[in-house]
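One structure below.
Since the model is a prediction, treat every value here as computed from it, not as a measurement. Naming convention: chains lettered A, B, ... in sequence-line order (proteins, then strands); numbering from 1 in each chain.
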Amino acid sequence: MRWSHAFIPTLRDDPADAEAISHKLLLRGGFARQLMAGVYSLLPLGQRVRLKIIDIVRREMNEIGAQEFLLPSMHPREVWEQSGRWNAVGPEMFRFQDRRGADVALGMTHEEIFTHVATEMRSYKQLPQVFYQFQAKFRDEARPKSGLLRVREFTMKDSYSFDIDEKGLDASFDRHFEAYRKIFRRIGFEAIAVEASSGMMGGNQSIEFMLASDAGEDWIASCEGCGYAGNVEKATSKLPTVEDEPGLAAPEKFPTPGVRTIEDLENFEGGAPGINQIKTLVYRVDDKDVLLLLRGCDTLSEQKLLDSVEAEEIRPATADEIRAALGASPGSLGAVGVDLFVIADEALQGRRNMTTGANEDDHHLRGVDTARDIDVKAWLDLREVQDGEPCPMCEKALAVFKTIEVGHIFKLGTKYSEAMDAKVLDENGKARPVVMGSYGIGIERNLAAIVEAHHDDSGIVWPLNVAPFEVVVTVVKPKDVACAEAGERLYDALQQGGIDVLIDDRDERPGVKFKDADLVGIPYRLTVGPKGLADGVVELRTRRTGESRDLAIDRAAETVIEAVLDERR
RNA sequence: CGGGCCGUGGCGCAGCUUGGUAGCGCGCUUGACUGGGGGUCAAGAGGUCGCGAGUUCGAAUCUCGCCGGCCCGACCA
């Protein structure tokens, strides 16, 4: 490709409405342009990177025996009704009606459609099967953000495994796990595998692959000691046991005028530190009032609650609902002597001499013993893990930090196969629903994630495997015939050698070309200029390190081809 | 969906308070000089000031409505 005829609209200034680094650099480098909120056009450079990522993913999927499909974007309502998700999903699914008035959805994921296809399987002898595709996914996100990191239309590699039993699923899942590890390594980063919540996908186990980045929006807890890692929606820690004072024979009510928050009560004369308080939250769980108890110093993880109560919908109760249920306002709530369903966090187990609200405005109780004074119906892990808490496995300190979710794999079980009647006969001639897994990688999100992980002040620094071009031949002075010809010869030789090479033959000042090459992030730059040619050399510069060295002109192509081929993985 | 900010040539911005000629930098075109890290000079092209109503002799500027974008939060199979 010739730069003089390529569509690479680079920008000098950061676009005003870009915040994330990858967003700024992908716009400035001419990789992508926004069409509307959460919808982007990929320009030629962006598409080149996208195709390279796809190629890597495809090869690893084929490697584990997966077969490539292409399923439609438009899905009839009926299929989603079968799985129960037509109603379960909500406004995140784009829906419309065709000319006959039939409901149609734009696919946000393809469990239903692949399962529909899989109903043609008849025998356990056909299993296992792994199907996959690269397909546009449409999700009407409430808030698209950060450029390509969170969008409403994107390409996903989604694959689905079909096995006769759980053991088979485990094997398919493990193969995907390993394939994903290889994929992320090849595209240029170490993803951290974490335990995750399955959310609305259903199923009983899921693992997310996370890239540490401030541009991300998922917090994970990770242990350097033993490698334990979990999304904070799932992660646990091993809290030290608290030895409480024996306390009182019975709870004692005391006045706390004006105290509304945990912090107020900590600072109140006669109050208690957060760790010795019981925080009482009222939630509506499928239209039922439930009391949730946590230590004053802890934060509720709604996802943990949702995952463990198997409810359709949970939400905090409104102030009015709370008053109706408990007769007091938030800030003075407690569970002592209350008849509602009470769920307590495990960290409260065995605690005594605690302080909590008295269900009377401006009054609290002290000397509360969770076992003696509160009728706890269920002890659950409800709290969000905090930075520095001991790892549940090895007790070293956990680090909690922000990440980008670059892949997610699920064990689905038989949720979809049962709902959609995807069954095969087992060796005894008995019909059994196939056991499924599903596995996803968002291609453009990974593209942006690579930029988040690989950039510097001058621009993007693409890892060679995903770079839009591997080498740029920068002709310093195109009007100088010798210079231009030398550049062309190198360009030809590199092309012959199978290298993705771009020749910068624009009549621009050298500085402009250097800046553009850096911004766009091409791993190697061969600079051909009059100065070097006078000495019979060209300069090879490595984008990542900024190092450069002179190569004899007649050996240059060969050297570069060798280096590039060597670096490809 | 709640809160905040913002829509003026391709990009970044000023002008709006106090209504009256649309302006600056970059980029773009042509020419000259230049040529190893975003050059200099000269001459140009390019704008329904997000859209629609209203007020006014006159609206980028004031009023109302709508649309769009970004950020924070809620949400996120």
Requested in this report: Please assess A:R95 against A:R77 for the test side chain to side chain contact (heavy atoms under 4.5 Å, CB included), listing each intermediate value before the final yes or no.
Outcome: CA-CA 9 Å; A:R95 302 165 208 243; A:R77 171 178 184 156; over 6 Å; no

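- Between A:Q386 and A:V400 the shortest side-chain heavy-atom distance does not fall below 4.5 Å.
- Across every strand in view, B:rC11 sits in a pair with B:rG25 that passes the Watson-Crick or G-U test at under 3.5 angstrom.
- Scanning residues 210-217 of chain A for heavy-atom distances under 4.0 Å to RNA chain B yields an empty list.
- Salt bridge annotation for A:E217-A:R150: present, with a cationic side-chain nitrogen under 4.0 angstrom from a carboxylate oxygen.
- Ranking B:rC70, B:rG36, B:rA74 by closeness to the A:Q34 side chain, first place goes to B:rC70.
- Remark: A:D174 pairs with no residue by the side chain to side chain contact (heavy atoms under 4.5 Å, CB included) rule, at least two apart or across chains.
- Proximity note for A:E141 (side chain, C-beta onward) versus B:rC70, B:rC76, B:rA74: the nearest is B:rC76.
- Going from the P atom of B:rU56 to that of B:rG19 covers 15 Å, rounded to whole Å.
- With respect to the salt-bridge test (charged N to carboxylate O, under 4.0 angstrom), the residues A:R2 and A:D504 do not qualify.
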Expected rows: protein N/O vs nucleotides 4-13 of chain B N/O, under 3.5 Å:
{"unit_1": "B:rG12", "atom_1": "OP1", "unit_2": "A:A16", "atom_2": "N", "d": "2.7"}

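- Using a 4.0 Å heavy-atom distance criterion, A:M93 is classed as making no nucleic acid contact.
- Among the candidates A:E111, A:H75, A:E112, the single residue satisfying the side-chain hydrogen bond (donor to acceptor under 3.5 Å, both in side chains) test with A:W80 is A:H75.
- For the pair A:I8 CD1 and B:rG27 C1', the interatomic distance rounds to 16 Å; values are reported in whole Å.
- A:S146 comes within 4.0 angstrom of sugar-phosphate atoms only, judged by non-hydrogen atoms across all strands, and of no base.
- Between the side chain of A:R150 and the base of B:rC76 there is at least one donor-acceptor pair of N/O atoms closer than 3.5 Å.
- Sorted by residue number, the members of residues 20-30 of chain A with any non-hydrogen atom under 4.0 Å from RNA chain B read A:R28.
- A salt bridge links A:E539 with A:R525: the distance from a Lys NZ or Arg NE/NH1/NH2 to an Asp or Glu carboxylate oxygen falls below 4.0 Å.
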Query raised in the report: Can you give one letter per nucleotide of nucleotides 41-51 of chain B, 5' to 3': B if a protein heavy atom sits under 4.0 Å from the base, S if only from the sugar-phosphate, - if neither?
Result: -----------

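- Contact annotation: A:K145 does not reach the phosphate of B:rG69 (side-chain N/O to OP1 or OP2, under 4.0 Å).
- Using a 4.0 Å cut-off on heavy atoms, the residues of residues 508-518 of chain A that approach RNA chain B are A:E508, A:R509, A:P510, A:G511, A:V512, A:F514, A:K515, A:D516, A:D518, listed by number.
- When heavy atoms are screened at a 4.0 angstrom cut-off, A:R152 is found touching no nucleic acid atom at all.
- For the C1' atom pair drawn from B:rG54 and B:rA14, the interatomic distance equals 28 Å after rounding to whole Å.
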